[in-house]
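Atom set for the values below is all heavy atoms of this structure, side chains included, hydrogens, waters and symmetry mates excluded. Order of the sequence lines fixes the chain letters, A, B, ..., with proteins taken first and strands second; residue numbering starts at 1 for each chain.
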Protein chains: 2
Amino acid sequence: MVPLICEGWAASVYILSDGSRQILSILLPGDLASTALLFGAQAGCSVEAITDVRYRTFAQADLKARLLNDADCFARFLRACIDETARADQLITDLGRRTAAERIARLILNLQSRLMQRGMAQPETMEMEFPLRHHHIADATGLSLVHVSKVLSEFRRSGIVKIGDRSLTILEPEALQRIALM
Amino acid sequence: MVPLICEGWAASVYILSDGSRQILSILLPGDLASTALLFGAQAGCSVEAITDVRYRTFAQADLKARLLNDADCFARFLRACIDETARADQLITDLGRRTAAERIARLILNLQSRLMQRGMAQPETMEMEFPLRHHHIADATGLSLVHVSKVLSEFRRSGIVKIGDRSLTILEPEALQRIALM
DNA sequence: CGGAAACTTGATCGAATTCAAATAAGGTGG
DNA sequence: CCACCTTATTTGAATTCGATCAAGTTTCCG
């Protein structure tokens, strides 16, 4: 069964034997949980809701059959795979080679651009829904809870972002991008 | 053009603007460079040889057409995608949540198991071809050159592995697995 | 033999973790 | 609406893992 997110935010999470967690991907409305992935379910990997979520599931067999018959569907699936792999590769690079501030800045910008694509963020005000808890950010960036808090405080103190009431506003897009070093 | 490795080792590498490098995947004979990936070439990502390499390339269009017509070929492609994504997810978790020794142990065990699958490693002696330089290991694990040397020296000193002459022997598989914490 | 890579080793530094409280924000039953 | 409890977040201090710096030493090859 492959879930497709219809509404709300979720995350696919890998949980280590010592209990620590790594978020592999934050799932927004329209995302398939782990594109091709859940064709061959991964040990230790699961999908968790961040907000309340509405979703539908597809049976693997149906999906497979449709892909072979429907060329258009196949093309869209391929695109989704490519996008997901590209994001996975970016994440690998972030975790392997970038500092805490860079990782967090990139996470925010990433989410912002994905929300924008879906018409779920205000292009003018740079405001977006932001239901992530610090522990989600920590698990997504491979950092500790405490350090996430420190970096975000610093961002806030220097007037780069404003956070409140499950929403986030990018006050200084330039500055944030400079930190994220594209 | 999507390259398929026929002989030798290669790596797909992402190079940051500051010159630091992250290996996304080490490619062994039989691997497609970035399975579906190179359908939509990634900025900043390239494939580099580690040893001398022999390879063939496929045109995207051909590959796409074949996938739609040939169900068996499609199934094998899907499997390759799944395997690659699974490995990418493991790498994300390694970089996000594991220590230097764990990462290096896992890299070695990973390579060993992939070589074994291809009949390219001795199951009895636990010996395998190992052409990686320390800088390759560093770039694959998100560590510094110097630290890789220190960790490997420690592994050698405690008799867990033996390294020499472009080959590596796992002397204490149990110990290595214990460090890698599956 | 000489020069360049590759590797090792020790010393020092720094980013991020862990530890430990304190404070703030939510949610619940009374 | 308030007291109470739980879950988030903040802040500071101490610690640690791994990076960086700086020489050495080895290995490889022409």
> When you check the phosphate oxygens OP1 and OP2 of dT8(C), does a side-chain N or O of R156(B) lie under 4.0 Å from one of them?
Replying inline: yes
> Would R114(B) and D31(B) pass as an ion pair if we require N to O under 4.0 Å?
Replying inline: yes
>> One thing to verify: whether R87(A) and D83(A) come together as a salt bridge, which I'm taking to mean a side-chain N less than 4.0 angstrom from a carboxylate O.
In response: no
>> Between P on dC7(C) and CZ on F155(B), what's the gap in Å once rounded to a whole number?
In response: 16 Å
>> Rounding to 10°, can you tell me the angle the first-five-pair axis of the helix from dC1(C)-dG30(D) to dG30(C)-dC1(D) makes with its last-five-pair axis?
In response: 40°
> In whole angstroms, how far is the C1' atom of dT7(D) from the CZ atom of R166(A)?
Replying inline: 11 Å
Grab the N/O contacts between the protein and nucleotides 17-19 of chain C below 3.5 Å, and write none if there aren't any.
| unit_1 | atom_1 | unit_2 | atom_2 | d |
| --- | --- | --- | --- | --- |
| dT17(C) | OP1 | S144(A) | N | 2.9 |
| dT17(C) | OP2 | S144(A) | N | 3.2 |
| dT17(C) | OP2 | S144(A) | OG | 2.9 |

> OP1, OP2 of dT8(C) versus side-chain N and O of H134(B): anything below 4.0 Å?
Replying inline: yes
>> Whether E48(A) and R21(A) form a salt bridge (side-chain N of Lys/Arg under 4.0 Å from carboxylate O of Asp/Glu) is what I want to check.
In response: yes
>> Any salt bridge linking D70(A) with R66(A)? Criterion: basic side-chain nitrogen under 4.0 Å from a carboxylate oxygen.
In response: no
> In whole Å, what is the span from the NE2 atom of H135(A) to the C1' atom of dT7(D)?
Replying inline: 10 Å
> Under a 4.0 Å N-O cut-off, is there an ion pair linking D94(B) with R103(B)?
Replying inline: no
>> Measure CG/L132(B) against P/dC7(C) and give the value in whole Å, please.
In response: 10 Å
>> Base, sugar-phosphate or nothing for S149(A)? Non-hydrogen atoms, less than 4.0 Å.
In response: base
> Rounded to the nearest Å, what distance is computed from the CG atom of residue D165(B) to the P atom of nucleotide dA6(C)?
Replying inline: 16 Å
> Rounded to the nearest 0.5 Å, how far apart are CG of L168(A) and CG of L111(A)?
Replying inline: 9.0 Å
> Between dT9(D) and R133(A), is there an OP1 or OP2 to side-chain N/O distance shorter than 4.0 Å?
Replying inline: yes
